[in-house]
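First listed ligand is number 1; within each ligand, the first listed atom is number 1. Fair warning: this is a prediction, and the values are worked out from it, not measured in the lab.
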Amino acid sequence: MPLPTIEWEGNIEGRVRLIDQTLLPAEIKYIYCEDLKSIWRAIKTLMVRGAPAIGIAAVTGVLLGIKDIRTDDTEAFFKELKNVTNYLGSSRPTAVNLFWGLSRMERVAWENRDKPVHTIKEILLREAINVQNEDKSICRQIGENGAKFIKDGDGVLTHCNAGGLATADYGTALAVMFKAKENGKKFKVYADETRPLLQGARLTTWELMHAGIDVTLICDNMAAHVMKLGKIQCVIVGADRIAANGDAANKIGTYGVSILAKEHGIPFYVAAPVSTFDLNITSGDEIPIEERSSEEVTCGFGKRTAPEGVKVFNPAFDVTPAKNITAIITEKGVIEKPSTENVQKILGK
Ligand code: MRU
């Protein structure tokens, strides 16, 4: 069984338990977030990361926030709840699952506004647990829907980490690989190391090795060569936000991989839950791209690799245009040749 990435523990006065992903693969350590600030920090510093896991951090973060609202007055409660969701929403901008989780909690609270505050809190607790549990079945369904795209003998390239660590426990892009393996397929995975924070090297290879899947680590700048050698038959990645027309934001470098795949005639798949779609935006141009600190590039993992004071640009995500995506694999079905119309056909079901 995969390890649980992030979970609520206990009743409404409980806490969040999560794997500190910044320590992997050297150390598997669970940490506990007891208050709002600590979960905000865990999201910001990537102790918990990956779009669906950030969605779970959002809903459980709301529980931590409302734990400290000590009022019986509904109006005052809703004011405080808004402060909590605004604060959590300031942690990371790109993965829409964060905002999806926060809105879901706000909506459920509002639908129950005629109830006493303590009842609303209990309802929110149930809702957060539902989000956790739903994620597990959604990821398995993504695996089911996508496994057919991996054929015996294939080489599969992936970028960043869209595995169990990025979700409650099973992943999106990696779910497809886990399921293909369960179905008896024999294939190899090439994992891009994913500069600058090495989610591919530290997390994806670790997960795949634990699952007994043949994985080879490559540096990001090797992907073109590996494709040219004929070692890659498909690319499968996750996503942080998908616009209504199918443009998909994912870890920086994904766009480049999509161009390489196109050049080599290799199908490029995105695996993501419906909660990763942002139908309020018409194209990927509207996706906010997080910029992170220059130290991640100049002194990654404590070793300085560039001169002091050098200018750095460190966007954490890029957008792959829908035209470079062969299909988007969701729990509701596969969106072939993504476009506004084809996204609607599956999501509107
Ligand atoms: O900065 P991160 O590590 O949160 O970025 C994660 C990714 O880009 C993942 O590929 C994406 O969230 C999909 S997770 C199923």
- Message: I want to know whether Phe277 and Trp100 have ring centres closer than 6.0 Å.
- Response: no
- Message: Is it the case that atom CZ in Arg41 sees more than 12 heavy atoms from other parts of the structure closer than 6.0 Å?
- Response: no
Determine all donor-acceptor pairs shorter than 3.5 Å in which one atom belongs to a side chain in residues 214-223; sequence neighbours excluded.
from	atom 1	to	atom 2	distance (Å)
Asp214	OD2	Lys188	NZ	3.3
Asp220	OD1	Glu193	N	3.3
Asp220	OD1	Thr194	N	2.6
Asp220	OD2	Thr194	N	3.4
Asp220	OD2	Arg195	N	2.7

- Excluding Val310, membership of its hydrophobic cluster (Ile, Leu, Val, Met, Phe, Trp, Tyr; side-chain heavy atoms within less than 4.5 Å) reads Val297, Val312
- Pairs where residues 224-251 contributes a residue and the test salt bridge (charged side-chain N to carboxylate O under 4.0 Å, His left out) is met, not counting sequence neighbours: Arg241-Asp278
N or O contacts of ligand 1 with protein under 3.5 Å, please list pair by pair.
from	atom 1	to	atom 2	distance (Å)
ligand 1	1 (O)	Arg92	NH1	3.4
ligand 1	1 (O)	Arg92	NH2	2.8
ligand 1	1 (O)	Lys251	NZ	2.8
ligand 1	3 (O)	Arg49	NE	2.6
ligand 1	3 (O)	Arg49	NH2	3.4
ligand 1	3 (O)	Gln199	NE2	2.9
ligand 1	4 (O)	Gly50	N	3.0
ligand 1	4 (O)	Arg92	NH1	2.8
ligand 1	8 (O)	Asp240	OD1	2.9
ligand 1	8 (O)	Asn250	OD1	3.1
ligand 1	8 (O)	Lys251	N	3.2
ligand 1	10 (O)	Asn250	OD1	2.6
ligand 1	12 (O)	Ala51	N	2.8
ligand 1	12 (O)	Asp240	OD1	3.2
ligand 1	12 (O)	Asp240	OD2	2.9

- Do the side-chain N and O atoms of Asn324 and Lys262 include a donor-acceptor pair separated by under 3.5 angstrom? yes
